[in-house]
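Heavy-atom basis, side chains included; hydrogens, waters and symmetry copies ignored. Letters A, B, ... are given to chains in the order of the sequence lines, protein chains preceding strands, and every chain is numbered from 1.
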Number of protein chains: 2
Amino acid sequence: MATKGKGTTPRERYRAQVRAEIKERAWEQIAASGASGLSLNAIARQMGMSGPALYRYFASRDDLITELVRDAYRSLADTMRDAAASGADLAGLGHALRTWALDDPQRYFLVYGTPVPGYHAPDDITTIASGIMAALLDAARPAGAPADAAADGPDEARLEAHLAEHREWAADHPAAPPALRRALSFWTRLHGILSLELAGHFTGMGLDPAVLYDTELQQLTRRPAASTSRP
Amino acid sequence: MATKGKGTTPRERYRAQVRAEIKERAWEQIAASGASGLSLNAIARQMGMSGPALYRYFASRDDLITELVRDAYRSLADTMRDAAASGADLAGLGHALRTWALDDPQRYFLVYGTPVPGYHAPDDITTIASGIMAALLDAARPAGAPADAAADGPDEARLEAHLAEHREWAADHPAAPPALRRALSFWTRLHGILSLELAGHFTGMGLDPAVLYDTELQQLTRRPAASTSRP
DNA sequence: CTTGTTCGTTAGAAGTTATAACTAGCAAGA
DNA sequence: TCTTGCTAGTTATAACTTCTAACGAACAAG
């Protein structure tokens, strides 16, 4: 029934378009007042139809939000993939990430923001998330000179040993421990700056987050100090 | 009227105790279902009194939440101050921070989590926040060897120059640019790991966040590589 | 033309925050 | 001691919210 050989029926297209408009309005509301301020009734009002009609298109408010989260993940994954496809290195991915985040802070927070305690993301979302990781790992690979970790301190060596044994998150990606470590730090450090910046914790500090971001990114992508080890 | 020379009136003590119990229940609810799941009615029900009674103690739901945020900030500031007072260095502060965060993730998110777009924190809260910064700056000072930043790349030098000119956030703290930079990275990097860990982004990755945290912390507190500069 | 699915409606249940108006009870002054 | 006044709690109500149920109308296809 649903799909009919060739293309989509007019009904399906109508349905898809209404769903899209609902999500559109939802994004506007989220941008204006956060995910917690999203109101199905308000959306229905804006669209000129009355309340319960939306339940033909989304099973519940949480369902709609989950859909938006999914789209946000997809958008980030696409951004990373596109950047990588056009030849960006790890630094390029870093800039693409920041642009994506600043473009819509609440979308960023839908992905990396405060979780609600009970919630568990559906499997397809975690799949997209590991796709993002894969893009990072790809980009983190080339920068690697072997550069024994021991020179960077005992903890550094311990971490790389740990990563060598626990690489579930890298799926079957063939990245060496130093690349795993680079991708991981790329992720956590840049997220640290971005999330604080987007949450406004830098405002009033009289400090340009871009400078800090670039510096961290540069230190992240610099090849290790060729083991001019210390006594 | 209110304060009466010596101590507090029985009425005031009662009032303070009820306020405290309300906050207690509020924390339980937040731990269980996040700040968005906090319900004044539910609290009133638990306390055996009916709805609107709570409005004698808090002007609004937002007012209660703001109070909780304030307490969370205070708790973090105290934790940092206490650690510093008992002789902890920057690494010690890092561990104290992680312990504090893991002790109550939702409390952490009340401080560093997703902000609601319109909201602006009252002045006294930002004052507490800069107190936290001051504790960080104190601890970040001693580790400093001069170690010219130029050796660490052009962006590193640019950042320290930027910090030298924009030190509003350090109030009139007499820390040198390298210490400012250390405190800043301490903050952003550890927050990056912590917030991802608490949000559950490491679960299923089969990776111990503590190892990653310790490594970052160790790299953060290691004195700079004594300028064995590269060609 | 008839039949079945789908869309949107209104009505209503159960919940929320918050205000208004009222009633007990406590505390302190004349 | 009596009276006055403040405060803590109550119920009632308004204006929301999500979401279910039942119904009507429009559409697509046999």
Side-chain angles (χ1 to χ4, degrees), chain A residues 1-26 28-30 32-69 116 118-119, chain B residues 1-26 28-30 32-69 116 118-119:
Chain A
M1 294 103 207
T3 63
K4 212 185 96 182
K6 191 209 103 183
T8 60
T9 77
R11 264 239 163 105
E12 283 175 328
R13 277 183 295 158
Y14 174 77
R15 187 176 174 77
Q17 197 221 320
V18 173
R19 270 182 71 100
E21 181 172 349
I22 293 174
K23 294 208 275 186
E24 197 68 28
R25 310 276 184 173
E28 293 171 13
Q29 279 198 16
I30 286 182
S33 41
S36 62
L38 189 154
S39 159
L40 293 191
N41 272 357
I43 293 176
R45 226 174 343 221
Q46 285 177 3
M47 293 181 62
M49 55 192 201
S50 237
L54 294 201
Y55 288 81
R56 296 276 166 195
Y57 299 93
F58 293 94
S60 70
R61 198 190 100 116
D62 280 8
D63 212 68
L64 171 57
I65 292 184
T66 297
E67 185 81 13
L68 297 178
V69 170
V116 11
Y119 184 77
Chain B
M1 296 112 202
T3 63
K4 212 185 98 185
K6 188 210 105 182
T8 59
T9 76
R11 266 238 164 104
E12 284 175 328
R13 276 184 295 158
Y14 175 77
R15 188 178 173 77
Q17 197 221 321
V18 173
R19 270 181 70 99
E21 181 170 352
I22 293 174
K23 294 208 275 187
E24 197 67 28
R25 309 277 183 172
E28 292 172 12
Q29 278 198 17
I30 286 181
S33 41
S36 63
L38 189 153
S39 159
L40 293 191
N41 271 358
I43 292 176
R45 222 167 322 150
Q46 285 178 2
M47 293 181 62
M49 55 192 198
S50 238
L54 294 200
Y55 288 82
R56 296 276 163 193
Y57 300 93
F58 293 94
S60 70
R61 199 189 98 115
D62 280 8
D63 212 67
L64 171 57
I65 292 184
T66 297
E67 186 80 13
L68 298 178
V69 170
V116 12
Y119 184 78

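- In this structure, Y57(A) reaches the sugar-phosphate backbone alone: every heavy-atom distance under 4.0 Å involves primed, P, OP1 or OP2 atoms, never a base.
- Between Q17(A) atom CD and I22(A) atom CD1 the span is 10.5 Å, to the nearest 0.5 Å.
- The distance between atom CG of L64(A) and atom P of dT18(D), rounded to the nearest whole Å, is 10 Å.
- Looking at the side chain of Y14(A), the nearest of the listed nucleotides dT9(C), dA28(D), dC7(C) is dC7(C).
- Expressed to the nearest 0.5 Å, how far CD of Q46(A) lies from CD of E28(A) amounts to 6.5 Å.
- Between E21(B) atom CD and dA8(D) atom P the separation is 15 Å, expressed in whole Å.
- With the nearest nucleotide of DNA chain D identified for both R11(B) and G48(B), R11(B) has the one nearer the 5' end.
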Using a 3.5 Å cut-off and no angle test, enumerate the donor-acceptor pairs between side-chain atoms of residues 51-63 of chain B and protein atoms at least two apart in sequence or in another chain.
{"residue": "S60(B)", "atom": "OG", "partner": "D62(B)", "partner atom": "N", "Å": "3.4"}
{"residue": "S60(B)", "atom": "OG", "partner": "D63(B)", "partner atom": "N", "Å": "3.1"}
{"residue": "R61(B)", "atom": "NH1", "partner": "L38(B)", "partner atom": "O", "Å": "2.4"}

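- Rounded to an integer number of Å, the gap from CE of M49(A) to P of dA26(D) is 17 Å.
- Closest approach of G37(B) to Q29(B), counting heavy atoms only: O-OE1, 3.6 Å.
- When heavy atoms are screened at a 4.0 angstrom cut-off, R19(B) is found touching no nucleic acid atom at all.
- Contact check, R15(A) against dC7(C): a side-chain N or O comes under 4.0 Å of OP1 or OP2.
- The interatomic distance linking F58(A) (CZ) with dC19(D) (P) rounds to 13 Å, in whole Å.
- Summarising the geometry, the separation between CZ on R13(B) and P on dC26(C) is reported as 15 Å, rounded to the nearest angstrom.
- A straight line from CZ of R45(B) to C1' of dT10(D) spans 17 Å, rounded to a whole angstrom.
- In this structure, Q17(B) atom CD and dT7(D) atom P are separated by 19 Å, rounded to whole Å.
- Atom CE of M47(A) is separated from atom P of dT9(C) by 10 Å (rounded to the nearest Å).
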TODO: Take nucleotides 17-23 of chain C nucleotide by nucleotide from the 5' end and write B, S or -, depending on whether a protein heavy atom sits under 4.0 Å from the base, only from the sugar-phosphate, or from neither.
DONE: BBB----

